[in-house]
Amino acid sequence: NLTAEDRRVLERNVTLAKAQQAQVETLEGKDAIATIIGYARAHGITQIFVRALDSLSPVALYPGRPIGLFTSPDGQWIGFREGEGILKRVPITGGPVVTLATVDAGTPGGATWAPDGSIILAGGNVAIGLQRVSVSGGQVEILTRPDPATGEADHLWPEMLPDGRSVLFTITALTGGLPAAQVAILDLQTGKRQVLLRGGSHAHYVASGHLVYGQAGTLQAVAFDLARREVGGTPVTVVPDVVTSSQGGVHAVEPRDGTLAFLSVGSASGTPRTLVWVARLGRETPIGAAPRPYFLPALSPDGTRISVF
C-alpha cells in the first residue's frame, strides 16, 4: 500500500543501509514500527534523517550511532561524532561518509564549521577545552584549556562569528551551576579570549546584530557590535521557555533566512497535543482524538490506524 514516493524513499534507504553493511530484514506480517523501535533501543541505534521543508518524507543519510550533529556553512555537509570520539561528515544529499579524526570520547559539547575549512569542537574531556581539525582530516589542535584555578569547569558550545576569525563559546563553572556560566569570545589568530556575558550560555550571533543565548531556561537577545566585539544595551527575552541542557546547551537555531527554530519545554514534556492530518500545502485537519501528551505518531501501512507513545 505504499505510494510511489514512499517506495522510492524506502528503496533509497535500504540501498544506503546495505552500503553501510547493515542487516536488512523484511518485516512482512510483523508489527514493523514496534520491531524497529525495539531493535534500535536494544542496540543503541540512531540515524541521521533529512527532510526538506516542502516534503513530508524524511530521508535516512546514515544508520549507526551518530551524535552531536552540525552543518557546514554552505549547508551541503553534516558533521557528527560516533563511537569513541570518531569525527565524521556526510553529504546532506547522501553519499560516502568521510572520517576526519579521532577526538576525545564522551558527550559532545558542540561543534561549529569555520569558513576556512576547519571544525572547532568541544569534546568530553574536561581537561581539554576547544579543539580544531581540518575538514580534510589530520592533526587535532587544542585551542583552549579550562583553568580550574579560576573556577572554570569546561569550555563548550563553540559558534563561529561572521568575521571568520572569532568564535563564541561557553565557560561553565566548577560551582554555582549555569547561573555562574559565562559567554566568551576567542580570537583564533591571537588566541586571546574575553568574557562577554555572565550568567548565560550557548550564544549565537544573528543577522540583526544581536547575540541570542540561554539564561535560566529562557532565550535572551542583546545587541552586539561585531567590529568591536562588545555587547551593548539591555538584554530582552525572545523566548520565555526553551529547552536547555544541564551543561547549558540551548535547543535553538537561527537559519540564514532570519527565522528562529527552538524546542520549548512544553513540547518536550507531557503537554497535551492534538493529532491532525497535514496536507502537503500545510492545511491541518484534526482527526477528532482527545488531546493527550502524544509522542512519535506512526501511521499503519493501510492508513487506517495510528500508533503513538
Side-chain angles (χ1 to χ4, degrees), residues 68 70-74 77 79-81 85-87 89 100-176 178 180-206 209-214 222-232 247-250:
F70 57 98
T71 58
S72 61
D74 60 7
W77 291 86
F80 62 96
R81 284 201 287 167
I86 302 175
L87 186 66
R89 60 184 173 98
L100 305 181
T102 299
V103 297
D104 53 289
T107 303
T112 185
W113 197 303
D116 67 353
S118 64
I119 293 171
I120 299 170
L121 60 102
N125 185 349
V126 296
I128 300 175
L130 304 184
Q131 304 168 67
R132 177 168 56 187
V133 63
S134 169
V135 296
S136 300
Q139 187 72 24
V140 179
E141 175 189 2
I142 297 176
L143 298 176
T144 70
R145 290 184 183 272
D147 184 5
T150 60
E152 295 183 359
D154 207 349
H155 294 168
L156 304 169
W157 316 121
E159 293 290 342
M160 282 299 305
L161 285 172
D163 63 5
R165 60 170 287 180
S166 308
V167 60
L168 299 168
F169 69 102
T170 299
I171 303 173
T172 57
L174 290 173
T175 60
L178 288 182
Q182 304 172 94
V183 172
I185 184 172
L186 171 70
D187 188 316
L188 295 172
Q189 294 182 4
T190 66
K192 294 182 178 180
R193 56 186 173 102
Q194 66 183 82
V195 173
L196 300 176
L197 297 164
R198 300 183 186 277
S201 65
H202 203 172
H204 300 72
Y205 178 81
V206 296
H210 293 79
L211 294 185
V212 177
Y213 60 96
V222 65
F224 181 69
D225 188 321
L226 183 60
R228 303 177 66 175
R229 303 181 189 179
E230 296 178 353
V231 297
Q247 293 297 309
V250 178

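Residues: numbered from 1 along the sequence shown.
The backbone N or O of S134 sits nowhere less than 3.5 Å from a side-chain atom of S118 that would complete a donor-acceptor pair. The backbone N or O of D147 lies less than 3.5 Å from a partner atom in the side chain of E152, making a donor-acceptor pair. Formation of a donor-acceptor pair under 3.5 Å by the S201 side chain with backbone atoms of G248 is found in this model. A donor-acceptor pair under 3.5 Å is absent between the side-chain atoms of T102 and the main chain of I86, judged by distance alone. No donor-acceptor distance shorter than 3.5 angstrom exists from the side chain of R132 to the backbone of I142, with no hydrogens or angles considered.
Here the CD1 atom belonging to I120 is positioned 11.0 Å from the CZ atom belonging to F169, to the nearest 0.5 angstrom. Atom-to-atom distance recorded for L156:CG and D154:CG is 4.0 Å, nearest 0.5 angstrom. Taken from OG in S136 to CD1 in I119, the straight-line distance is 9.5 Å, to the nearest 0.5 Å. Of the inter-residue distances, the one linking L196 atom CG with E230 atom CD reads 9.0 Å to the nearest 0.5 angstrom. How far CH2 of W113 is from OG1 of T71: 8.5 Å, rounded to the nearest 0.5 Å. If you take CD1 on I128 and CZ on R145, they are separated by 5.5 Å, rounding to the nearest 0.5 Å.
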Item to complete: Give the intermediate values and the outcome of side chain to side chain contact (heavy atoms under 4.5 Å, CB included) for residues I171 and R193.
Response: CA-CA 11 Å; I171 303 173; R193 56 186 173 102; 3.5 Å; yes
Item to complete: Could you please spell out the steps behind the side chain to side chain contact (heavy atoms under 4.5 Å, CB included) verdict for R165 and D187?
Response: CA-CA 6 Å; R165 60 170 287 180; D187 188 316; 2.2 Å; yes
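For the residue pair Q131 / D104, a side-chain donor-acceptor distance below 3.5 Å is found, with atom types taken as modelled. Under 3.5 Å, the side chains of S166 and R229 contain a donor-acceptor pair of N or O atoms.
No side-chain heavy atom of T170 sits less than 4.5 Å from a side-chain heavy atom of E159. Taking the side chain as every heavy atom from C-beta outward, V167 and I185 never approach each other to under 4.5 Å. Counting only heavy atoms from C-beta outward, the side chains of W77 and R89 approach each other to under 4.5 Å. No side-chain heavy atom of V183 sits under 4.5 Å from any side-chain heavy atom of V195. Taking 4.5 Å as the limit, every side-chain heavy atom of L168 sits out of range of all side-chain heavy atoms of P158. Contact of the D163 side chain with the Y205 side chain is not registered, since no non-hydrogen atoms from C-beta on lie closer than 4.5 Å. For the pair Y213/V250, no side-chain contact is recorded, criterion being any heavy-atom separation below 4.5 Å from C-beta on. Proximity of V103 to V133: side-chain heavy atoms (C-beta onward) are nowhere separated by under 4.5 Å.
By the 30° and 60° cut-offs, the orientation of the rings of W157 relative to H202 is parallel.
Heavy-atom minimum distance, T144 versus L130: OG1-N, 2.9 Å. Of all heavy-atom pairs between P115 and M160, the closest is CD-CE, 4.0 Å. Considering all non-hydrogen atoms of both residues, G129 and P146 come closest at N-CD, 3.6 Å.
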